[in-house]
Amino acid sequence: MAPLGRKMELLSMAEQEKDKKALYKDTLALPRTDFPMKASLVRTEPQVLARWNEMRLYQRMRKAREGKKKFVLHDGPPYANGHVHLGTALNKILKDFIVRSRFMAGFDAPYVPGWDCHGMPIEHQITKALGEGLAATPSVEIRRQCREYADKFVSVQRGEFIRLGVVGDWERPYLTMSHQYEAAILGALLDLVKAGYIYKGLRPIHWCATCRTALAEAEVEYGDHESHSIYVKFPVRPGDKRWGALGLGDLRNPHFMIWTTTPWTIPANLAIAVHPDLEYQLVEAGENTYVLLSDLVPDVLKAIGMPGEVKASRKGRELEGVVCRHPMYDRDSVVILAEYVTVDTGTGCVHTAPGFGADDFESGRKYGLDIYTPVDEAGRFTADVPRYAGANVFDANDPIAEELRASGALLARGRIMHSYPHCWRCKNPLIFRATEQWFQRIDHEGLRERLLSEIDGVKWIPPWGKDRIRNMVLTRPDWCLSRQRYWGVPIPAVYCAKCGEATLDARVVERAMKATAARGADVWFTDAIGTFLPDGFACAKCGGAEFKKEEDILDVWFDSSVSQRAVLEEDPKKDLTWPCDMYLEATDQHRGWFQVSLITAAATRGAAPYRAVLTHGLILDEKAKKMSKSLGNVIAPEKVIETYGADILRLLFASVDYTADIRFTKDMIGPLAESYRKVRNTIRYMLGNLHDFDAGKDAVPVESLLELDRFALSNFNMKARRIIKAYDAYEFFAVYHSFVELCAVDLSAFYFDVLKDRLYTARRNGPARRSAQTVLDHMLRTLLRLVAPILPFSAEEAWGYVPGAREESVHLTAFPSAEALAVDQSLLDEWRRVLAVRDEVLKPLEGLRKEKKIGQSLEATWGFAADGDISGFIDEVGRRGIWPEVTVTSGWMGRVSEPAPDALRHRSEAVEGLTIFVKRAPGAKCPRCWKYDEKIGNNAAHTDICPTCAEAIADKA
RNA sequence: GGACGGAUGGUGUAACGGUAGCACCGCGGGCUUAUACCCCGUCGCGCCAGAUCGGCGCCGUGCGCGGGUUCGAAUCCCGCUCCGUCCUCCA
């Protein structure tokens with residue numbers, strides 16, 4: 001241990017050193033800025049929002065591009081129910097990236113957001129709240145409450161979208177429940193009616209006999225239910241030609257055997273379905289022969305308690321067209337083919353009642369069978385059904401089974417527990433029932449082909465979107481437009497009071513439309529039917545003059561399909577265009593909004609309403625499961641915003657490939673916030689070093705820039721171009737990655753690091769420092785603009801600190817033009833080699849550090865030995881005085897023939913024939929610039945600093 | 001079941017059919033003139049060596065699996081697995 005006195009002496013020397021340092025520190029141009037390193041986005045973002053609101057940013061942006069080429073992104077309306085979730089946030093943020101970046105690319109990019117207001121989820125909420133009172137509540141009152149509910153969430157969501165930084169016309173969004181919009185819906189319907197697209201047809205739906213209403217899938221609860229289980233035989237009609245052709249004439253008493261859990265549907269049986277590709281066996285049991293699916297023969301024989309003998313077998317396909325006799329009535333039941341026949345339950349011969357089952361209905365359609373639905377609203381058999389007319393269908397199960405047994409048609413009977421649909425409200429079991437609905441034809445006037453050719457003309461991003469929607473359109477059935485609901489736009493059809501004939505008349509629709517334009521769609525419910533009927537209106541079928549109003553409303557998809565008309569076409573300010581430039585929604589909208597909009601537009605306007613369609617994936621949780629409220633795995637955007645800020649969420653959405661589904665996990669946010677900090681500090685560093693720079697006065701012309709600066713500028717411009725190109729292609733993840741890499745690698749790790757010495761120690765207003773500042777100023781202003789669409793809050797905040805003249809908001813500026821981003825390719829090529837050499841120098845410097853011979857690189861110097869091209873190159877670059885700056889060393893020894901004994905040698909692998917020698921730099925450390933110099937003290941005025949520093953402060957101190 | 005996607009290190013994202021790269025995280029070191037910042041190294045696991053360059057073992061080796069085409073495939077082809085969307089009156 002050193003004696004005490006010695007220690008004190010050391011201390012005092014250290015302090016002296018410190019004083020000296022402090023003295024010269026004042027002569028340095030260290031970075032200075034008030035732009036905080038710590039973002040505090042949670043606090044600052046609302047302040048930025050307030051400023052935008054005050055300056056009316058959106059309106060200013062529009063004004064700034066008045067008369068410029070438009071880019072119209074048409075907003076797909078989110079549903080006005082509940083709070084914004086991550087998926088909606090992703091959608092709106094991507095839209096905002098586009099609106100802002102198209103604006104900055106020079107387009108006039110209006111954005112009118114909207115909401116989908118009608119529909120089930122809201123009605124569901126309201127009717128649930130009404131409970132028992134629902135039946136006594138007039139429909140207009142239910143609709144009023146729905147409207148109120150929608151209104152509430154429109155304002156909730158509007159606030160949330162604004163908080164995300166989404167810029168747009170929030171003062172006049174469109175609502176599908178506005179009078180104007182509702183009238184536009186009827187306007188579209190009117191066009192379709194006139195053109196002959198609309199017809200009335202049948203469709204099977206879930207029906208609650210107790211509530212006497214149709215149910216949506218969301219209102220259906222699946223729960224255990226004990227059903228009957230019966231096996232019933234259907235005799236093949238004697239002398240049936242198809243059967244005869246099978247060559248099975250010697251089999252006695254051929255029957256098809258079916259199994260069902262709903263005996264009450266037997267009266268409506270019209271067919272028996274078999275699988276075309278499966279094998280069926282003809283099994284003799286007792287007096288009869290039964291057609292059974294081979295795989296199920298043992299099970300069935302066991303169920304009916306009879307031994308059997310296989311006599312023959314046939315493919316299901318061969319059985320098509322065989323005619324059987326109905327076991328209860330003198331009627332046929334024909335054998336048909338269906339893919340949905342399964343091999344795990346029943347007999348492989350499926351009882352088919354087209355009026356009472358989904359699959360049955362489709363099969364019935366396909367085979368042209370009657371959609372026979374002899375059951376009324378209350379679930380009672382109609383007069384059409386002998387012996388059971390008026391009976392509740394569930395009550396009829398036993399008597400029907402009994403009748404079948406009595407006639408010998410019943411082979412076995414039991415009970416079965418299985419999952420069965422129930423009514424969400426009254427909890428009673430549901431029936432499936434075909435009902436009359438309004439449809440839009442898809443094959444009318446060649447519409448389907450026109451849809452397909454329109455699809456070809458649209459740009460789909462990503463490209464496979466085209467195949468997806470194409471295949472959907474290719475096979476989609478007619479569009480069922482009616483819904484047995486309250487909350488929507490009514491279908492202004494009328495029913496003849498006398499004969500029940502339904503009529504959808506253009507004149508009536510037109511009257512309804514006009515009244516709706518003035519007072520909203522409620523008019524259909526409030527006004528007398530007579531006000532909608534033209535003079536002398538009579539039933540086309542029976543001539544009756546008394547009518548009842550249709551109570552069904554339009555599918556809400558029809559509402560949103562009309563937005564291209566209601567919003568784009570009827571825009572009162574003429575900001576928007578038809579068609580628009582882009583629709584942007586999640587991939588599920590290929591079936592949804594993209595498709596319905598296309599159908600309505602093509603049918604009523606003859607073309608697609610969009611030029612391009614961009615789709616994104618859905619948000620998944622960490623286990624790659626879809627985020628949904630029912631799974632309880634949702635992360636609310638607010639959570640992210642409250643903790644990190646909207647810019648972080650936006651950055652995250654920018655960083656991922658949105659074309660695929662996006663897995664969203666908490667641990668994604670940490671690294672993201674880190675990238676953000678990197679970018680923020682890069683910006684802060686530039687701000688700090690421009691505190692005394694005014695481009696107007698101090699900028700250096702490009703040709704006079706130092707070579708390093710010219711290289712950095714060129715390199716920067718090249719990447720800036722790449723980023724702008726990525727914006728043009730809507731590849732925000734490419735923007736993000738290029739941007740972060742540019743900040744971290746090109747700027748922070750190289751240019752800024754190397755530049756420090758010059759910025760801090762060179763003469764404040766000397767050409768060397770001004771040269772660097774000129775480039776920094778260009779970089780800063782460009783960088784902020786490039787990042788503005790993705791980080792609008794931070795970019796704006798930083799913009800406020802940029803010294804010198806600037807626009808009021810970064811969001812009122814444009815991306816730099818190509819000319820402003822000049823690239824000197826030969827310089828870049830040359831510097832690629834410079835940087836390669838630099839990397840080779842850095843390696844042995846690290847070795848010196850490890851040996852504790854140096855701390856900072858400035859404590860070292862280096863030389864080289866080389867042969868070939870590289871040798872001349874390094875010499876040549878050295879003559880321009882570039883090496884010490886680029887490697888941050890004190891001086892440069894040049895070519896070394898005999899390395900000093902204390903030098904560290906590094907033979908390069910990357911650059912052939914190159915060896916680098918590094919060693920501690922000679923001389924003393926200049927307390928001002930920290931470089932080592934042998935000439936310290938040569939200057940009389942400043943005996944303790946190096947000549948360069950003495951020069952730098954000559955006119956100052 | 002059908003249509004359409006997705007599957008690269010802890011995370012995100014790249015690579016004309018020819019060395020698996022970049023950023024972030026983590027870990028180690030340096031700087032204190034970007035002062036909770038910045039720089040460098042490392043980053044499948046383990047071991048050895050040492051002025052420096054490094055060496056060895058094991059597993060991975062394209063991280064969904066298995067085949068094929070090719071001198072050579074992450075990249076092209078085929079089959080399968082898992083996940084997602086749609087086919088459903090949720091929007």
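Lettering of chains follows the sequences in order, A, B, ..., and the numbering in each one begins at 1.
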Base, sugar-phosphate or nothing for [X]? Non-hydrogen atoms, less than 4.0 Å.
X      : value
A:Y685 : base
A:R203 : base
A:H590 : nothing
A:G688 : nothing

[X] (side chain) and [N] (base): donor-acceptor pair under 3.5 Å:
X      : N     : value
A:W593 : B:A91 : no
A:R928 : B:U33 : no
A:S560 : B:A91 : no
A:K756 : B:A34 : yes

Has A:Y79 got a side-chain atom pairing as donor or acceptor with A:H118's backbone, closer than 3.5 angstrom? yes
Rounded to whole angstroms, how far apart are [atom1] on [X] and [atom2] on [N]?
X      : N     : atom1 : atom2 : value
A:R680 : B:A34 : CZ    : P     : 18 Å
A:L742 : B:U13 : CG    : P     : 20 Å
A:D467 : B:A3  : CG    : P     : 12 Å
A:K466 : B:C86 : NZ    : P     : 23 Å
A:W460 : B:G5  : CH2   : C1'   : 15 Å
A:I455 : B:C4  : CD1   : P     : 14 Å
A:I122 : B:A91 : CD1   : P     : 9 Å

Below 4.0 angstrom from OP1 or OP2 of B:A34, is there any side-chain N or O of A:Y760? yes
Do the side-chain N or O atoms of A:R485 get closer than 4.0 angstrom to the phosphate oxygens (OP1, OP2) of B:A91? no
Which nucleotide in B:A91, B:C87, B:A36 has an atom nearest any side-chain atom of A:M37: B:A36
Nearest to side-chain heavy atoms of A:V556, which nucleotide of B:C38, B:A91, B:C87: B:A91
Members of residues 28-36 of chain A that approach RNA chain B, where some heavy atom sits under 4.0 Å away: A:L30
Taking the nucleotide of RNA chain B with the nearest heavy atom to each, does A:D657 or A:L904 sit closer to the 5' end? A:D657
Using 30° and 60° as the class boundaries, would you call the ring planes of A:H590 and A:W464 parallel, tilted or perpendicular? tilted
Within the 4.0 Å limit for protein heavy atoms, which parts of nucleotides 24-31 of chain B are touched? Write it as a string from 5' to 3', B for base, S for sugar-phosphate only, - for none. SS----SS
Measuring only the P atom in each nucleotide, how far is B:A74 from B:C63? A whole number of Å is fine. 9 Å
